[in-house]
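Here is the structure we will look at, set down as C-alpha cells.
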Amino acid sequence: MAPFRNSTNVCQCFSASTSADSVPIQPSLLVFSGGTAFNGVVEELRKLTVRVAHVLPVSDDGGSTAEIVRVLGGPAVGDIRSRCLRLSDPSTSEALAVRTLLGHRLPLEAQKAKFEWYDIVEGNHALWTGVSKPFRETIRAFLVYFQDQILRRSDEVFCFSNGSIGNFFFAGARIFFQSLDAAIFLFSRVSQIPTESLVLPVISTNDRLTLGCELWDGTIIRGQNEISHPTNGSLEPINKTNSSARTLPSRIKRVFYMSSEGSNLLHEVFPSANPTVLEQLKSVDCIIYAMGSLFTSICPSLVLRGIGESISSRSCPKVFLLNGTHDRETSGFTASCFVTAITDALNRTHGDPHNSLKDPPSQYINTIFVPKDGQIPIDTDNLSAQGILRVVTVESVHDATAGIIYDPKSLIQSLSDLLTGCTRKNVAAT
C-alpha cells in the first residue's frame, strides 16, 4: 500500500485490512505519558483499541514512591503502577477486588498506616475479601517479601504514610526478580491487563535514576518533584494544577538524567532507551504525546538516544494532546512553545552537540488536539511556521482540581476520526 501524504504531513495510518473472519484490525498506538493526566481517558480508549504501548518515565520521586526509592533504591514505579491499575480488568467481582486492593492507600497518620499495613500483609484485612486463594497467596507473597526487604535495612526507618499497596507489591516483585520488566509482567497478569496492552518503562533498569533540569538562567534543579511541584517533604496527595509553589526563576531549557556516586556527587548520565519501546516505534499506527506535565512526564521519555531518530523516520499520525491549563513548568507558554520543547527534547538540542539532531517540528508532530476553552493560547501562525497545519478542537470538561481537561469520549472519538480518515485516504491512494 502506497503511503498517503497531504499538506499536514499525516501519512500511512493503520491498515484497512481485516482478520480472516472480517473483523477490522484495531489500530496500534504508542503513547508517551506520565502516570496521572492520561489515566482519565484510558478506559475510554479501550473502546477504540487495546493495542496500545504505554511508555512511562521511571523518574517520579514523590509520595510513597520516594520512600521506596529512598530505602530500597531502584527505579520509581509509581507511574507504572498507576497505569497498570487503570488498564486492569474490573469486569468480575474478583478482578475488581484485586484492583481495589492494589489501588488502596494507607492513612496519612504514620502509626495508623503502619497498623493497617501489618493487617494487610498478615492477610487479615477486609481488602482481601473476594480475592481467591491463588491470587491472595501470590500477591501476599510479594508483600511479605517487600516487608522483609524493609526489615533488612535496619539503619533506615520506613514510613508507610499514604503508602500505595500496589507500589509495595510492585517493588517486592522487582527486587525478587531483579527485573523491572518481570515485575511489570507479573503485575499485568495479576491485575488481568489485556495481553495486547503493553506498559513499558522508557528505561528498563534496576538502578535509581534522578531527573534533573537546567533553566535558561543556568540554574540546575535536581528531582522531578522539585521541578514540577515541590512539597517540602509532605506525603499528602499533590494537586499539580493549583500548586502554591512559587514559579520557576526562568523557563526550563532541558531535562536530563542524574546519578550519584561516593558522597552523593551528582553527575549527568545517559541511560539507554528500552529496546522494546524502540521496536514498538517502528511499527505502531499512531504516536501520541499525551497531556500532562510537559518537562517531567513527557520529555523524560523523549530525550533518550534513538527515540527522536525512530519517530522522525515514521510516516504516520503523530498527535500532540495540548494541556488545558498552565502549570509551574509551562507558565506563559503558547501552543508553539510546547511544540518547540518537544522538538528540542527529541533533537537533544541543548545537550552534547555530537549527539543532537536537527529535524524540524513537523517530523515529530503533525496534528495537535486542543481542548475547547483551554487556557493555552493557540498561536496558529507560529504553528504554521513550524509546519503544523492540523489543529483539532476537542470538547472539554471542567475538573475541580485539574481545570480544563478533555472530555474522554470526545477525545477518543476525535482520535478515531483522524485514524479512520487517514485510512480512507490511504485506500484511495492505492
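These numbers come from the heavy atoms of this one structure, side chains and all, not from hydrogens, waters or symmetry mates.
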*Please confirm whether the backbone N or O of His350 pairs with a side-chain atom of Lys253, one donor and one acceptor, at under 3.5 Å?*
no
*About how many Å separate OG1 of Thr393 and CD1 of Ile378, when rounded to the nearest 0.5 Å?*
7.5 Å
_Note, Val319 side chain near Tyr289 side chain (heavy atom, < 4.5 Å)_ = no
*side chain to side chain contact (heavy atoms under 4.5 Å, CB included) with Asp79: which of Val199, Asp60, Thr65?*
Asp60
*asked:* side-chain contact (heavy atoms from CB on, under 4.5 Å), that's the test. Do Ile184 and Val77 meet it? Break it down for me.
replied: CA-CA 9 Å; Ile184 293 172; Val77 298; over 6 Å; no
_Nearest heavy-atom neighbours spanning Leu294 and Ala341_ = CD2-CB, 3.7 Å
*Judged by modelled atom types alone, do Thr296 and Gln224 share a side-chain donor-acceptor pair under 3.5 Å?*
no
_Looking at Gly34, is its backbone amide N or carbonyl O close enough to the side chain of Arg83 to form a donor-acceptor pair, meaning the two atoms are under 3.5 Å apart?_
yes
*With Ile221, which of Leu211, Val255, Leu248 fulfils side chain to side chain contact (heavy atoms under 4.5 Å, CB included)?*
Leu248
*Give a yes-or-no answer on whether the side chains of Asn39 and Ser82 include a donor-acceptor pair shorter than 3.5 Å.*
yes
*Ignoring hydrogens and geometry, is there a side-chain-to-backbone donor-acceptor pair from Glu116 to Leu106 under 3.5 Å?*
no
*Which value, rounded to the nearest 0.5 Å, describes the distance between Leu29 atom CG and Ile288 atom CD1?*
5.0 Å
_Quick check for you: to the nearest 0.5 Å, what is the distance between Asn225 atom CG and Thr210 atom OG1?_
11.5 Å
*asked:* With rounding to the nearest 0.5 angstrom, report the CZ to CG distance, Phe168 to Leu72.
replied: 10.0 Å
*Whether Tyr406 side chain and Phe369 backbone form a donor-acceptor pair below 3.5 Å*: yes
*Compare every heavy atom of Ser410 with every heavy atom of Glu395, then report the nearest pair and how far apart it is.*
CB-OG, 3.3 Å
_salt bridge (Lys or Arg N to Asp or Glu O under 4.0 Å), that's the test. Do Glu196 and Arg51 meet it? Break it down for me._
CA-CA 5 Å; Glu196 301 93 340; Arg51 298 176 62 207; over 6 Å; no
*Ion pair check, Arg348 and Glu309, cut-off under 4.0 Å*: yes
_Gln147 side chain near Tyr118 side chain, heavy-atom distance below 4.5 Å_ = yes
*Mind running side-chain contact (heavy atoms from CB on, under 4.5 Å) on Asp285 and Thr49 for me, showing each step along the way?*
CA-CA 12 Å; Asp285 301 314; Thr49 180; over 6 Å; no
*Would you call Phe338 and Asn323 a side-chain contact if the rule is heavy atoms closer than 4.5 Å?*
yes
*Answer yes or no: is there a donor N or O on one side and an acceptor on the other, between the side chain of Tyr257 and the main chain of Pro300, under 3.5 Å?*
yes
_Less than 4.5 Å apart, side chain to side chain, heavy atoms only: is that true for Cys337 and Arg251?_
yes
*Would you say the side chain of Phe32 lies within less than 4.5 Å of the side chain of Ile311, judging by non-hydrogen atoms?*
yes
*Determine, step by step, whether Val58 and Leu180 satisfy the side-chain contact (heavy atoms from CB on, under 4.5 Å) criterion, reporting the C-alpha distance in whole Å, the side-chain angles of both residues, the deciding distance to 0.1 Å, and the verdict.*
CA-CA 10 Å; Val58 289; Leu180 182 58; 4.2 Å; yes
_Within residues 42-62 or reaching into it, pairs that qualify as ring-ring contact (aromatic ring centres under 6.0 Å, His included) - sequence neighbours excluded_ = none
*Evaluate the side-chain proximity of Ile287 to Cys316: yes if any heavy-atom separation is below 4.5 Å, no if none is.*
yes
*Quick one: are Gln363 and Leu346 in side-chain contact, heavy atoms under 4.5 Å?*
no
*What's the spacing between Leu186 CG and Ser191 OG if we round to 0.5 Å?*
9.0 Å
*asked:* Just to verify, what does Asn206 make a side-chain contact (heavy atoms from CB on, under 4.5 Å) with, not counting sequence neighbours?
replied: Arg174, Gln178
*What are the two closest heavy atoms between Cys159 and Glu67, and how far apart are they?*
N-OE2, 2.8 Å
*salt bridge (Lys or Arg N to Asp or Glu O under 4.0 Å) against Glu43, all qualifying residues, sequence neighbours excluded*: Arg99
_Residue Arg305 excluded, over 12 heavy atoms near CZ under 6.0 Å_ = no
_Over 12 non-hydrogen atoms of neighbours within 6.0 angstrom of CZ in Phe176_ = no
*Let me see the working for Tyr364 and Lys318 under side-chain contact (heavy atoms from CB on, under 4.5 Å), right down to the final yes or no.*
CA-CA 6 Å; Tyr364 298 126; Lys318 304 168 189 180; 5.6 Å; no
*asked:* For Thr349, is there any backbone N or O sitting under 3.5 Å from a side-chain donor or acceptor partner on Asp344?
replied: no
*Qualifying residues under salt bridge (Lys or Arg N to Asp or Glu O under 4.0 Å), relative to Asp373, sequence neighbours excluded*: none
*Minimum heavy-atom distance between Glu226 and Arg328, given as atom pair plus value*: O-NH1, 3.0 Å
*State which residues pass salt bridge (Lys or Arg N to Asp or Glu O under 4.0 Å) with Lys133; sequence neighbours excluded, sorted by chain then number.*
none
_Please tell me whether Gln192 and Ser91 have a donor and an acceptor in their side chains that are separated by less than 3.5 angstrom._
no
_Exercise: do Gln413 and Asp417 side chains pair donor with acceptor under 3.5 Å_ = yes
*asked:* Looking at Val50, is its backbone amide N or carbonyl O close enough to the side chain of Gln26 to form a donor-acceptor pair, meaning the two atoms are under 3.5 Å apart?
replied: yes
*Test item: Ser416 side-chain N/O and Ile412 main-chain N/O as donor-acceptor pair under 3.5 Å*: no
*Looking only at heavy atoms, which two atoms of Gly166 and Arg81 are closest? And how far apart?*
C-CG, 3.6 Å
*Answer whether the closest heavy-atom distance between the side chains of Arg314 and Leu281 falls below 4.5 Å.*
no
*Check Pro75 against Val69 and note the closest heavy-atom contact, atom names and distance.*
O-CG2, 4.1 Å
_Determine whether a donor-acceptor pair (N or O, by modelled atom type, separation under 3.5 Å) exists between the side chain of Asp379 and the backbone of Asp381._
no
*Check salt bridge (Lys or Arg N to Asp or Glu O under 4.0 Å) between Glu44 and all other residues, then give those that pass, not counting sequence neighbours.*
Lys47
*Tell me yes or no: between the side chains of Ser179 and Asp181, is some donor less than 3.5 Å from an acceptor?*
no
*asked:* If only side-chain N and O atoms count, and only distance matters, is there a donor-acceptor pair under 3.5 Å linking Ser204 with Asn274?
replied: no
*Do side-chain atoms of Thr330 reach the backbone of Phe333 as a donor and acceptor pair under 3.5 angstrom?*
no
*Say you draw a straight line from CZ of Phe158 to CD1 of Ile68; how long is it, rounded to the nearest 0.5 Å?*
5.0 Å
*Quickly, which of Phe169, Phe170, Phe187 forms a ring pair (Phe, Tyr, Trp, His ring centres under 6.0 Å) with Phe142? Name it, please.*
Phe169
*Please indicate whether Phe177 has more than 12 foreign heavy atoms, meaning atoms of other residues, nucleotides or ligands, lying under 6.0 Å from its CZ.*
yes
